[in-house]
There are 2 protein chains.
Amino acid sequence: MKITYKSDYSLKTILDLAIHFGEEPVTIHELAKRSDIPIKFLEQILLDLKRGGFVESRRGKIGGYLLAKHPSKIGLSEVVSFVAGPIEPIACVDKKYRRCRDIDKCVFRDIWQRITSATEKILEEVTFEDLVKKSRKSQGNFVYQI
Amino acid sequence: MKITYKSDYSLKTILDLAIHFGEEPVTIHELAKRSDIPIKFLEQILLDLKRGGFVESRRGKIGGYLLAKHPSKIGLSEVVSFVAGPIEPIACVDKKYRRCRDIDKCVFRDIWQRITSATEKILEEVTFEDLVKKSRKSQGNFVYQI
DNA sequence: TGTAAACTCTACTAATGTGATAGACATTAT
DNA sequence: ATAATGTCTATCACATTAGTAGAGTTTACA
């Protein structure tokens, strides 16, 4: 799990669409402006999120983006996994990396697994509906601000 | 926190020195061979660890490296912070990154902070003495294997 | 039926980080 | 003296990140 600008932008964008769930499609322009994201970068991000099944789009005039599912059905865990990669903080879990000589005897592995479990537990308890509610509670609601 | 090869090598090296605490200095050559680390890369890593105050060196013939403190006084948390950067998984915590428009209203921030706390809790409970004991329990002790 | 406003797709780029490698130098036990 | 050790600086190939550019396609509506 690595929260880069791109994953940060992805999360903010899904939250924005969750806030506007049930309304008209939201344009890239609006999303970009509200979350202060470079518009051409956001285009690519939205295409990714579409491929991931998190958002849908409408083309043409009065087109825009919509959340693909109800915010209560979108878990933070699945989104984070998609936009920020596997939760594990450690290289040795990744298939691309060389294996340890004897990974089963690595005393650090248990640590990384415990951190992963703790992280998953926190993420799995949260849906975007929860985040929308939390966001509405923060007076002013930062997503709308200029 | 990002566990790269370099941080992985650093942890393994400190563990190796912890296992040999109280004995003669361990040479870079031995460390490199036992943990399968490119020797020239390990040289740099050891200089970093020295600057970090984790290890000491003896130059000249029969020189080598030693742990600077007793393994029970070296916490996994401090080592990980040193070799893998701040525990936080998120860009916005880093001073170098642009601030959110209104970071106090960011609904994700609380999530990253909870993950950070959970991670710190796990790391803070472990010292290298613990890891040495755990390592000795794994029969064969991978650090010694060819 | 034209057109403006929207999404779509591919390519490119600058900056940075990662994982090394190379080679000259300094120190010390014997 | 010398061999074995640590020290230091430079360089490099490759991947990732955070964009930018530009040409396309689709659709509502006048």
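Each chain gets a letter, A, B and so on, in the order its sequence line appears, and its residues count up from 1. Quick note: numbers below take in every heavy atom, side chains included, and nothing from hydrogens, waters or symmetry partners. Note that the coordinates shown come from a computational prediction; the quantities given were computed from them, not determined experimentally.
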Pair B:Asp8 + B:Lys12, salt bridge at N-O below 4.0 Å: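 Judged by the 4.0 Å cut-off on N to carboxylate O distance, B:Asp8 and B:Lys12 do form a salt bridge.
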Taking only side-chain nitrogens and oxygens of [X], does any of them come within less than 4.0 Å of OP1 or OP2 of [N]?
| X | N | result |
| --- | --- | --- |
| A:Tyr9 | D:dA18 | no |
| A:Tyr65 | C:dT8 | yes |
| A:Lys2 | D:dT17 | yes |
| A:Lys50 | C:dT8 | yes |
| B:Ser57 | D:dT7 | yes |

Is there a donor and acceptor pair, one atom on the side chain of [X] and one on the base of [N], closer than 3.5 Å?
| X | N | value |
| --- | --- | --- |
| B:Glu30 | D:dT5 | no |
| A:Glu43 | C:dC7 | no |
| A:Arg59 | C:dA6 | no |

Nearest-angstrom distance from the residue atom CD of B:Gln44 to C1' of D:dC8: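 Those two atoms, CD and C1', are 10 Å apart.
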Salt bridge (Lys or Arg N to Asp or Glu O under 4.0 Å) evaluation trace for B:Asp130 with B:Lys133: CA-CA 5 Å; B:Asp130 301 327; B:Lys133 284 179 188 163; 5.1 Å; no
Other residues, nucleotides, ligands: >12 heavy atoms within 6.0 Å of A:His70 NE2: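 Yes.
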Touch class at under 4.0 angstrom, heavy-atom based, for A:Gly63 against every strand present: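 Counting heavy atoms under 4.0 Å across all strands, the contact made by A:Gly63 is with sugar-phosphate only.
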